[in-house]
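All remarks here apply to the structure that follows.
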Number of protein chains: 2
Amino acid sequence: MPVTIEDLSNKLGVSRSTVSKALNDRGDVSPRTKERVTQAARELGYQPSAAARSLRRQRTEKIGLVVNYPIRRVSDFLAELIPSMATVAEEAEYNLILYTSMAGQTERLISLCRSREVDGIIIAWPPQFHETVVLHRMLTDERMPHIFLPRRVPHDDISYVAADHQQGARLLTEYLISLGHGRIAFERLPEVYETDYDRHSGYAQALRAAGIKYDESLVISADSAAADYDTKSFQHFMALPDPPSAILFFTDPSAIRALSLAREGGIRIPQELSVAGYDGVLSSGVTEPALTTVRQSAGALGALAVESLLKLIANDGLEAQQHILPVELLPRKSTAAPANGGA
Amino acid sequence: MPVTIEDLSNKLGVSRSTVSKALNDRGDVSPRTKERVTQAARELGYQPSAAARSLRRQRTEKIGLVVNYPIRRVSDFLAELIPSMATVAEEAEYNLILYTSMAGQTERLISLCRSREVDGIIIAWPPQFHETVVLHRMLTDERMPHIFLPRRVPHDDISYVAADHQQGARLLTEYLISLGHGRIAFERLPEVYETDYDRHSGYAQALRAAGIKYDESLVISADSAAADYDTKSFQHFMALPDPPSAILFFTDPSAIRALSLAREGGIRIPQELSVAGYDGVLSSGVTEPALTTVRQSAGALGALAVESLLKLIANDGLEAQQHILPVELLPRKSTAAPANGGA
DNA sequence: TACCGTTACGAAATCGATTTCGTCCATTCG
DNA sequence: CGAATGGACGAAATCGATTTCGTAACGGTA
């Protein structure tokens, strides 16, 4: 069995309190005693019991990551997010506990709060706005510091960390305009409300700034619930009487799918059609041609989320942490100047 | 503050012990009392304190995942592994705690053991054999159940879960032979000792079974420490007086790199050269041509590792858990019959 | 009626720390 | 010299559960 504080105090002939105070730098301990205690602790390899300490201190030095999302497919976003969060937490002597099976199950989240096994919670992928507010209220009632990720939540009291998707869509659109495109198609995904709104407003903003008229027929709302959802948008746009010279897809996988559909259809990319994705997944770099996209750094989002949560824990959640991180345009080979000058 | 067992017992006018026994189904409690207690617990939303329970029960219902590896690049292996492990753990009412910053730091691992904040440990990516044995001894001394992943460790007492890499390389080689290839090049990576050994022996075995002479000049040992390591093997093989008709790369990224080198060099794949990777990363599915590879299921490995660790915890680690999981050949478009019949 | 066994419950110990508070002793000051 | 001050330490309470063990009450039997 591991060495306890009692073993240490017996060996040294001092009280448990003195040992505790010596090791934690609190209370009055003479320099000599302190030295003896630390020395003996090292020798015996004493390590305080996490459970006992947590019980007494009423904090666990652990934070929870609740993946509030059915993990359909593997994403490199998660692969970058999780280790980054864990690493940042560890720098602050915290650890990360994963909770993957409580999507939408509020009672399980309540149990988690009441059992006090974490000091704060990061909720990855908040649900729809209304539900998020309910969740926030519940967590606030339970006095559990929490932060949402990676979507912004339009509510003053709610903490979140998200990427600047308006900027992302704007950068992409501006880039295509600078290449000479005038008919730029845009895929929306209303399911992810704020993200969709931001992206669309970035797109519209770039068009407006360039004096290009917003054309409703060039904007489609995808429905990710549909089976062949990732082929529909492409087919829709190409079937238009006057097809666009460039398409901005909502996600990289859709854009990648379009790449192969175009190949099958004999449409050369980027010569005859420019295609762009969004997210900067690893796969987007190895397609032929490599995909132009926008990258949000999952690592940076995760790191900031952890840091913000630690602040909430330290400040007792006095004021909400709200952060929007810049994104990066990755211009690659799937986009080029349009053949006919974009007319 | 959360409801404690004392609050419950006060409200009901029974003792704490009775409440505890009622909720945990131990000891003698009359059906009537039990009903009253469960009812009140539900009403008040009582949830036992994790710290108090851990302290008394001497177990935490948590397992640790120690990523004993510098996470160089994002890998979809991790993205699939971690959620899978967390989910399987949760089915058994355990949770997963991540430790990403203790690669090679044995004292930190010892602290983790002694603080008893986890009931068992999964070590992702064991170090070299000798160090792994040392680690195993240390963990055994600390009476900490543990299992290594995703590499086998050739030692009877050590628990691990790994993929069958001998089978993987054999399947790939057999497949190429069945296509008509006779000169099949093979890239080794001595750095990952057992994995490399298994893969190479699967390759050699397939050749032998087909009566093809093992040609040393077709086998190269890569050095992943070198900067341009992923281009070297390809260049080496293509510079041979009599180049191979097919190349088996050690990893998908190397094979993908070879795909673009071949394009640059005007070598058509698969018509003039067959290329295969290994691991089945997501990217391998979107290259042009799509990459033939072997997939090991990170999800299955992780799930089995957790299940095995839970057995070790339950059995007090009586006998080592050693599991080798089958892999899956993914024949895709980067391999085909050789132009000249493979002569 | 006296005795015994069973049932249902509670008092108290326990897990291993932290923290509060009181005490002892040596100085220092008036 | 007596009282006040403060440094160093320990006894005991505390955190919130679980578990052991003792006992009251009850019913059945000799």
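Order of the sequence lines sets the chain letters (A, B, ...), proteins ahead of strands, with each chain counted from 1.
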Is the closest basic N to carboxylate O distance between B:R16 and B:E6 below 4.0 Å?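 Yes, charged N to carboxylate O under 4.0 Å.
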Does A:S115 use its side chain to pair, donor to acceptor, with the backbone of B:Q47 at less than 3.5 Å?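 No, the answer is negative, given that no donor and acceptor are paired below the 3.5 Å cut-off.
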Strictly distance-based, threshold 3.5 Å: is any side-chain N or O of A:D119 a donor or acceptor partner for the main-chain N or O of A:E61?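 Pair found, side chain donor or acceptor close to backbone of A:E61.
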Euclidean distance, atom CG of residue A:D28 to atom P of D:dT5 [Å, nearest integer]: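 So the two atoms are 17 Å apart, to the nearest Å.
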Is it true that atom CD of A:E319 has more than 12 heavy atoms of other residues, nucleotides or ligands lying nearer than 6.0 Å?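 Atom CD in A:E319 is not packed in, count stays at 12 or less.
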Kindly check if the number of other-residue, nucleotide or ligand heavy atoms within 6.0 Å of CD (B:E93) is above 12?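 Atom CD in B:E93 is not crowded, with 12 or fewer foreign heavy atoms closer than 6.0 Å.
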Could you check if a side-chain atom of B:I110 sits within less than 4.5 angstrom of a side-chain atom of B:R114, using non-hydrogen atoms only?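 Yes, their side chains come closer than 4.5 Å.
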With B:P2 as reference, evaluate A:E142, A:R143, A:R116 under the side-chain contact (heavy atoms from CB on, under 4.5 Å) test and give the passing residue.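 Answer after filtering A:E142, A:R143, A:R116: A:R116.
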If you assign A:T18 and B:R16 each to the DNA chain D nucleotide with the nearest heavy atom, which residue ends up on the more 5' nucleotide?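 Upstream on the strand: A:T18.
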For A:F148, all residues meeting ring-ring contact (aromatic ring centres under 6.0 Å, His included), sequence neighbours excluded: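 A:F148: ring-ring contact (aromatic ring centres under 6.0 Å, His included) contacts with A:H146.
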Close approaches to DNA chain C from residues 30-53 of chain A, in residue order (heavy atom, under 4.0 Å):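 Per residue number, the list reads A:Y46, A:Q47, A:P48, A:S49, A:A52, A:R53.
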Outermost DNA chain C nucleotides near chain B [under 4.0 Å, heavy atoms]: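 From 5' to 3', the first and last contacting nucleotides are C:dA8 to C:dG16.
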